[in-house]
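Residue numbering restarts at 1 for every chain, and letters A, B, ... go by the order of the sequence lines.
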There are 2 protein chains.
Amino acid sequence: MKIDDVATKFEALGNPTRLKIYRALVRAGEAGTPVGRLQERLKIAPSTLSHHLKTLVTAGLIRQVREATTLNCHANYDVMRGLMDFMVAECCADAVESKDTKSAA
Amino acid sequence: MKIDDVATKFEALGNPTRLKIYRALVRAGEAGTPVGRLQERLKIAPSTLSHHLKTLVTAGLIRQVREATTLNCHANYDVMRGLMDFMVAECCADAVESKDTKSAA
DNA sequence: TCGATCATTCTAGTCTGATCGAATTATCAA
DNA sequence: TTGATAATTCGATCAGACTAGAATGATCGA
């Protein structure tokens, strides 16, 4: 994952409202959550919610699947894993080593 | 870590320039990197760099230690670890399970 | 087709963030 | 103290983000 892509995803997660949406979707697991239910639970104006969902979809963090009249939203776990990998591999190789050294000392 | 704090940290990492700064600091390890060296390596205007560093410090992602005339910048590895923990514990418990189930199937 | 529900898009207002040049503060060497 | 270097703060501009009400599009039951 390129660093600009990572930044885009972090930016998407950097808004409190969007982070709550994302967390709700991740917790929902494979079943996902319809837009309407998110709206009820998080008490967000529909237009605002839709705006944030679009941002999350564009960032690749979630996807939406139409099921009859409702739109079901799912977290993209692979992308989340990619972010974690970036934090660990691209960033934290030295960090972990340093930390271990420190802890051991 | 509260969800708003997490959002603040993600937001800080959500700017490409800041993410590059942060990555450079994480890679620098315990030794850290002076502001001036960051400025040389990343080719950012001093005032812009200072602005972003302030944001990272405020978010708690890095800290600065004065050493004579230079300011040495360090990544806060504990905070990074806290972010990872949030992703895993607050978010991904179901995700990992679902993934394993899927992979096994 | 009509009506109802679900969700998005449009439009607009407000606000915050990114950037950089210029001026300022801080530290040290001589 | 003076001069030099390091870094921040100030001031201004510009672009983009957040929010939400109103209007529109999509889907299905009757």
Open item on the list: Check this one for me: any side-chain N or O of A/T70 less than 4.0 Å away from OP1 or OP2 of C/dC6?
Closed with: no
Open item on the list: Less than 4.0 angstrom between a side-chain N/O of B/N15 and OP1 or OP2 of C/dG17, yes or no?
Closed with: no
Open item on the list: Nearest heavy atom decides the nucleotide; on that basis, is B/T48 or A/T69 closer to the 5' end of DNA chain D?
Closed with: B/T48
- [ ] Please report the closest heavy-atom contact between A/D4 and B/K20, naming both atoms and the distance.
- [x] OD1-NZ, 3.9 Å
Open item on the list: Over all strands shown, is B/R37 touching base, sugar-phosphate only, or nothing at heavy-atom distances under 4.0 angstrom?
Closed with: nothing
Open item on the list: Just verifying a value: how many Å separate A/Q39 CD and A/T33 OG1, rounded to the nearest 0.5 Å?
Closed with: 13.5 Å
TODO: Give one of base, sugar-phosphate or nothing for A/H51, where a contact means two heavy atoms less than 4.0 Å apart.
DONE: base
Task: Range on DNA chain D touched by chain A - first to last nucleotide, heavy-atom distance under 4.0 Å - done: D/dC18 to D/dC28
Task: Whichever of B/A45 and B/R66 has its nearest DNA chain C nucleotide further upstream toward 5' - done: B/A45
TODO: Grab the CG-P distance between A/L56 and C/dA7 for me, whole Å please.
DONE: 16 Å
Open item on the list: Applying a 4.0 Å non-hydrogen cut-off, can you work out what A/T17 is touching in the nucleic acid: base, sugar-phosphate, or nothing?
Closed with: sugar-phosphate
Task: Rounded distance in Å - CD (A/Q64) to C1' (C/dT9) - done: 14 Å
Task: B/E11 side-chain proximity, nearest of C/dG17, C/dG21, C/dT8 - done: C/dG17
TODO: Could you tell me how the ring of B/F10 sits relative to the ring of A/F10: parallel (under 30°), tilted (30 to 60°) or perpendicular (over 60°)?
DONE: parallel
Open item on the list: Once you apply a heavy-atom cut-off of 4.0 Å, does A/E67 come out as touching a base, just sugar-phosphate, or nothing?
Closed with: nothing
